[in-house]
Each structure stands twice: as C-alpha cells, then as structure tokens.
Amino acid sequence: MAFTHNLGFPRIGAKRELKFALESYWKGQSTRDELNSVGAELRRRHWQEQSALDWAPVGDFSFYDQVLDMSFALGNLPERVRDFHGDALDNYFRVARGRSAQSAEEHAHCCGGVAAGEMTKWFDTNYHYIVPEFSAATTFQLDASRLLAQLAEAQAQGVRAKPVIIGPVTYLALGKAKDGSDKLALLSRLLPVYAELLDALAAEGVEWVQIDEPILATELDAGWQQAFATAYQALGTGKPKLLLASYFGQLQDNLPLLAALPVHGAHLDAVHARHEVEALAAQWPADRVLSVGVINGRNIWKTDLNAALDWLEPLAHTLGDRLWLAPSCSLLHVPVDLHSEQKLDAEIQSWLAFAKQKLEELRVLATALNQGRAAVAEALAANRAAIDARRQSPRVNNPAVKAAVAKIDAQLGRRRSGYAQRAARQAARLQLPAFPTTTIGSFPQTAAIRQARSQFKAGEIDEAAYTAAMRAEIQHSVREQEALGLDVLVHGEAERNDMVEYFGEQLDGYAFSQFGWVQSYGSRCVKPPILYGDISRPKAMTVQWIRYAQSLTQKPMKGMLTGPVTILNWSFVRDDQPRAVSCYQLALAIREEVLDLEKAGVRVIQIDEAALREGLPLRKAQWQEYLAWAVESFRIAANGVGDETQIHTHMCYSEFNDIIASIADMDADVITIETSRSDMELLDAFDDFNYPNEIGPGVYDIHSPNIPSEAHIVQLMQKAAERIPAERLWVNPDCGLKTRQWSEVIPALRNMVAAAKQLRAEL
Ligand code: GLN
Ligand code: ZN
C-alpha cells in the first residue's frame, strides 16, 4: 500500500487572495483580524483541496516567508527589532520589509526605522527568502506559537496533519554570520530548541514531521556533513517521527550521509535523482519510509503517468507500506489551479498540470499502485493521449528556428571593438557628466495603469485608447525624470505587465495563463509564461514605445529589454529539449529586437539579466557548462550593435564573487547591480577581478519604502569609488521602481540626483 502526501501547497491563493490581503493591511486599509481571517480561510481551503492525501502539510502557510517564520520560531530575530513593543506580526513584517523612521522619531531605536532583512533566492528557484542573521553571540529561544496555532486549526478541521519545518542544518547554511563567525558553532545552541519544538509537536499528537533539508542537494564539506550526523543523532530517534526531505537535485556524495542518519523516513526528488531513489530503496531499512517525489513540483507539464507507473511498480513491490508518493518538492513553485484558466489554448492546456492537477495525478498513481491500473484505466488512457499529442504536435516544432540555431558560430556574439574604443565613441555621442544618473527601467505601476490594462484585456477599451493611456504614462514619467534632472532616461515600462510575460506574449512558441501566479517574495508574484515550442519573433516588440519616449526628450532614452537567460529562467520551460537550446532560440529573437532598436536611433539599450545567477545549477561542478551557454546567449542577443551603441545590463542580486569572470565575459558597456543592502562590499568582487567596464552599484533598496538620504547615497558612492575608478561609476537604484509609489520615488530620486551632483563637485 503506497501512501500520498504533499510537501507544501502554494499559499498565495488561486486568485492571489493573500497578496491583496497583505497589501491592504500594509496600507492600513484593513485590520489585523481581517488579514488573519484571510489566512485562515486560505489554509482551510488548501487543506480541503488536499483532503484526498494521506498526509497534508501544516505550517507551509506563511504571511511572508517560511524561512523568516523559522527565524521567529527559533527566536532568532535581528538585534535591531528585539525591543519592539508592538504586535508580533507587525514586528515580523518589519524584518521582512523594513520600516522608515520618519513618522516615529521618538521611537526610532525600537519601533521606528529598521532596515529590512536581506533577501536572497531559495536554491535555484525564483522564490526569495529572508536570510537569517547570525553572530557569535546568537542564542535561540523557542516560539512555537505560529506552528501550534496552525496545527490546532488543521486538527480541528480533521486534517491528517504533517507539520513542515526547515531543518537545522539547512537553516544554518542559509543564514549569514554578520560578524564572520563560524555558523556551525551555533549548532549546539540550536539543537535543543529544535528538540523542544519537536516535543511540543509530539505533545499535540503529531506522528510525522517533515523536516526540510534541501541543502543536501548541494556540495557539503566535511564540517557540514558532520553537522547532519550531529543534528539527526540528537533529533531523529525520538518522537515525532521525522521525514527528512531533500529536493531540487541529486544528493550524490550526500546520499550515503543521508542513508546513515537515524530518521524514520526520507523524501527524495525522483525527478532529478531517480537512480538515487533506486539505490536508496535497495538498502533502506525495513522500518523506514521512503517518500518518492515522482511528480515535478517545479514545472507545469503533465506527468507521463504510465511511464511513472512502469518505474514505480517494482519500487512499490520492494517497499510495500513504506512507499510514500509526493510531488518532488513543495508546490509553492507552481500555480494553483489549471481550471481557473479560461483563455488558454485548449490544445496546450491539455498538456498541463498545476498544483491541484498534480495532486490529482498523485491520487491516480497511488490508486494504480494500490488497486491496479485497471482501477484508473480511463485516467491513464487520457493521460497517454495528452502526452502523445504533445510529443507529436507541429506547434512544438519549427524547422526554420532549428536551422537558425544550428548556424550560430563564435562570431555572432562578438562586439566589433574592445571596450576602450567603444567607451570613447559612446562618450562622444552621449555627452554624459561624471557619475551619470539613471534608473533601472520601471516606474510605479499605478492603479490607473493596471486598470487600463485590465479594461483593455476585458475588451472595455480599444487598442487606441489603451495605447493613448500608456503614452500618457510614458509622457508623465519622462516629464518627472526631466524635472528630477536624471541623465539617461527610461520610458517606465507602463505597458508591461511583467518583464518576462510581456515578451512571452509577443513571441511565437509561448503561451500565457491568466492565473498562473507563483510567489516571488512576500506579496509579490510572477506569472511565468509557458515556453512550449520553438521560439521566433513575428514582429518588433518594443520599438514603437521607445521611439515615442525618445521623441519626448533630448536626453538619451534607454531601450529596455529582458535578456534571453532571464526570459528562460523565469518561464516554465520545455522538458523535451535542453535549456541551452531554448536559450539560444530566445537569444536570436532578442538580437533582432536589439538591432531594430538601434536602427530606430536608440543610443542606449539595456538588456536585463536579473535571473542569470539563479539559473546556476545547485552543484558547482555544473556551473561552467551553464555559464558558457548563458553568457553566449547574452552575447548573441546584445553584441550585434555598432561601437557607438551603449549596451547596459542589469542584475539584481548581490553575489558576484564566484561568477565575476562570466559577468565580465558578457562585455556589457555598463552593468547596474544591487548593492545597497550589502554596503558596497560586493564591489570587492569587481575590484579584485579588475572588472574593466562601467558599473552602476545600486544606491538604494527598492524593496523597502524607506527614502534614502542624500548623505547616505554620497557615502555609499564614496565607498564604491574606493573600489572602482570614479569615471566608470554610475548612480542608480538597486532595481526597477514598479512596486513603489510616486510619492516614494520622487523624493528618493531627488536625493539620488543631488548626491550625484555633490559627488561631481567633489571630483
Ligand atoms: N527593467 C526592469 C525593471 O525596472 C528590471 C527588473 C528586474 O531586474 N527585476 O522593472
Ligand atoms: Zn533588478
């Protein structure tokens, strides 16, 4: 008998209910009780939707982030928020989002301004977590209130509850020791608190706890391997039983490590590590459960159920009651319900499965294993038909695109001249001051913009009216930028719903959903387009808008594109060809757009590669291969232009040390990056490498509503100038401003421009 369970359900809601509830609460438009009741309703609904499972996750619901939840459960709050005397949930949001001190001067040190916690990407996904902060003095203290409350709720609703927590080793590994101390030294302080937490859960009648240790899918040195042994010898043998969950990749060297840990069960990602499941099953002690993540929790394609059963049946035979079936990882990374979609092409829709459909696939698999395939014959036949249809569809295959990819050679991605020569020509053409100021692309996506777009999509206004509305927004943003005195302007991206979906909608080979939202961080979601076929560009995608924006100003207007690697990494991609091939196809399409912009007289073109880093494989051994095709794709997209056209790229994260050579190899004339939260320290990587081209280190954090002061920006730029020659520095925010309000953007940019002027004066 095989059992079914789920590692986590998307918490945002099929219609993004959580997003809207959070944002309304943050704006003071609803009460804490109202927010709490939306949370409770979502949990209730999601458990109901998982009622066919033998075990449903509890604690996977979060008001912001599961790692931040863990920090609060462990009493590991950053020093700066500890003496807050308001509500705990508000304090939680302060760590998540930061808070400006302006309104509460007398409380500045306690509940006034605080810096937001650092955010970084969750393994190789586009989900961001709040980085736990450590120092040598860190102590832990259990606060299980959140988890126990959700557990009580689940139990009251008759849910077979399996609490989900992040394991101690992954928790430590994901955090940052602010004082450079050894994080592993904290393990002995951490384990008693985990033990207390497990005791508290056992006292509530919990049988199984899922303890997530995805760090097992990465390279671990001896110290970290030993930490696993220490941790699970301390925690693994008691009550409740632990299901140790690994996902996102292969365990490789860590497989024997996991096999030796004294836990009652393990979960393995059978999508990425099938052979490891087989290896573990063959040696798995008779009293342990093996959970097999057989349905891909990272993509939206239907599982080939018949093939899955061919593989599972012998395993079920070996493992009997010890076999659990699950998605490969939490379903946090896929949208909720395919049946919400009303406009998706029917043929493409028939190839897909979202979270709810994936759980249904799980039910079919378990039924086939437990009662024989005949019991679900109809479902299996329908699945086979869908899988075959996709494989054979002419919509997936475009011979002309395949031929163009085959013709790519080393020449295609090369600029005509080296950086020095280009820089001289660009300087002569652009006539920019020292410390030129710019922004990263988007300006606030106001309610008016979103309304015009939804009216257009609903057919309530026609294309001419929509275009007029967007042009008015572009005009507004150009006027504001001129008034602020920025040097290189942007059109503001009003017409873009999302930096990837916008391009996906205009490329052949892409489908897009209406409700396929996936949480990116906090209340923020993305709707990844679905790359299903060979990619081509039927016509120019951005030229009209940029040409219009340029017509409004004498200042250089940046053309704004999303790069091939980012489009790839933020899409749901094909599972029937290598990622590299899809990426080259995208690169050729973006290259055509770049050349069209240049032809239209655009002097500066930015190609965002915000997601280049997150595409890095979890294992360092595979990095070079990825970086080679990723960088080549960017070069193919960007480097067809003449010397006098200035290519910018933008990356919003703060770790470049290990990929700096590849970043330099992209050979963008200017790179803008996220640095404000790291106090310019990350520029060391560029400095040490002697990074040759221009850099715009972000001077303020756009994720937070805080307004940076002029003095602070000057100070940051002075730190930057200690590392990068001043003549190669730009001044800009960390990222695009679409999530901010104009009332925040204007004063922030005013301070930024004033800071640049002060810096010029001091040169
Ligand atoms: N040009 C985009 C914007 O400003 C870049 C966003 C990003 O890097 N995430 O919104
Ligand atoms: Zn960015």
Side-chain angles (χ1 to χ4, degrees), residues 118-121 126-128 437-446 449-450 473-474 477 481 486 488-504 518 520-522 524-528 541-542 545-546 549 557-571 590 593-594 597 602 604-615 634 637-638 647-656 663 666 668 670-678 682 695-704 730 732-742 744-745 748-749 752:
E118 193 177 323
M119 210 162 46
T120 197
K121 292 177 201 250
N126 183 32
Y127 176 82
H128 302 64
T437 53
T438 191
T439 59
I440 304 305
S442 56
F443 274 108
Q445 283 270 325
T446 59
I449 294 175
R450 286 197 302 268
E473 293 293 341
I474 291 172
S477 85
Q481 292 172 81
L486 287 154
V488 173
L489 309 196
V490 297
H491 77 298
E493 303 181 28
E495 81 290 4
R496 301 185 190 177
N497 36 4
D498 171 273
M499 65 186 284
V500 171
E501 191 187 41
Y502 180 76
F503 292 93
V518 178
S520 169
Y521 68 88
R524 199 145 159 208
C525 300
V526 293
K527 186 147 59 81
M541 302 183 280
T542 64
W545 298 110
I546 304 299
M557 175 62 59
K558 268 197 276 194
M560 192 60 58
L561 301 172
T562 304
V565 188
T566 297
I567 296 185
L568 182 88
N569 286 341
W570 283 350
S571 297
I590 298 297
E593 188 72 14
V594 168
L597 283 169
V602 177
V604 182
I605 300 171
Q606 178 174 315
I607 306 171
D608 291 328
E609 285 293 15
L612 188 125
R613 190 185 164 88
E614 76 186 47
F634 177 87
I647 295 288
H648 288 219
T649 190
H650 164 70
M651 296 181 186
C652 35
Y653 37 81
S654 40
E655 267 175 275
F656 288 94
I663 300 294
M666 289 166 68
V670 182
I671 181 172
T672 55
I673 53 178
E674 172 180 321
T675 27
S676 72
R677 285 198 201 193
S678 70
L682 85 94
I695 308 180
V699 291
Y700 82 90
D701 173 18
I702 58 87
H703 298 106
S704 151
W730 288 61
N732 46 262
D734 268 350
C735 191
L737 300 164
K738 66 193 260 186
T739 57
R740 301 263 62 92
Q741 298 171 14
W742 278 105
E744 296 159 344
V745 163
L749 292 180
M752 189 184 91

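Order of appearance sets the numbers: ligands from 1, and atoms from 1 within every ligand.
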Which atom of [X] lies closest to which atom of [Y], heavy atoms considered:
X      : Y      : value
Ser676 : Asp734 : OG-OD2, 2.7 Å
Glu473 : Ala494 : CB-CB, 3.7 Å
Gly441 : Val490 : O-CG2, 3.3 Å

Evaluate the criterion side chain to side chain contact (heavy atoms under 4.5 Å, CB included) for residue pair Ser520 and His128; output intermediate values, then yes/no. CA-CA 6 Å; Ser520 169; His128 302 64; 3.4 Å; yes

Which residue supplies the protein heavy atom nearest to [atom], what is that atom called, and how far is it?
atom                    : value
atom 7 (C) of ligand 1  : Cys735 SG, 3.4 Å
atom 10 (O) of ligand 1 : Ser442 OG, 2.7 Å
atom 5 (C) of ligand 1  : Asp608 OD2, 3.3 Å
atom 6 (C) of ligand 1  : Met499 SD, 3.4 Å
atom 8 (O) of ligand 1  : His650 CD2, 2.9 Å

For [X], counting its heavy atoms only, list the atoms of ligand 1 lying under 4.0 Å from any of them.
X      : result
Cys652 : 7 (C), 8 (O), 9 (N)
Met560 : 1 (N)
Gly736 : 3 (C), 4 (O), 10 (O)

As a quick check of understanding, evaluate side chain to side chain contact (heavy atoms under 4.5 Å, CB included) for Phe503 and Thr566, giving each step before the final call. CA-CA 11 Å; Phe503 292 93; Thr566 297; over 6 Å; no

May I ask you to check if ligand 1 and Leu737 share an N or O to N or O distance below 3.5 Å? no

Any carboxylate oxygen within less than 4.0 angstrom of a Lys/Arg side-chain nitrogen, looking at Glu493 and Lys738?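 Salt bridge flag = no for Lys738 with Glu493.
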
Hey, which N, O or S atom on His650 ends up closest to the Zn ion (ligand 2)?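 Closest N, O or S atom of His650 to the Zn ion (ligand 2): NE2.
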
Which of parallel (below 30°), tilted (30 to 60°) and perpendicular (above 60°) describes His703 and Tyr521? perpendicular

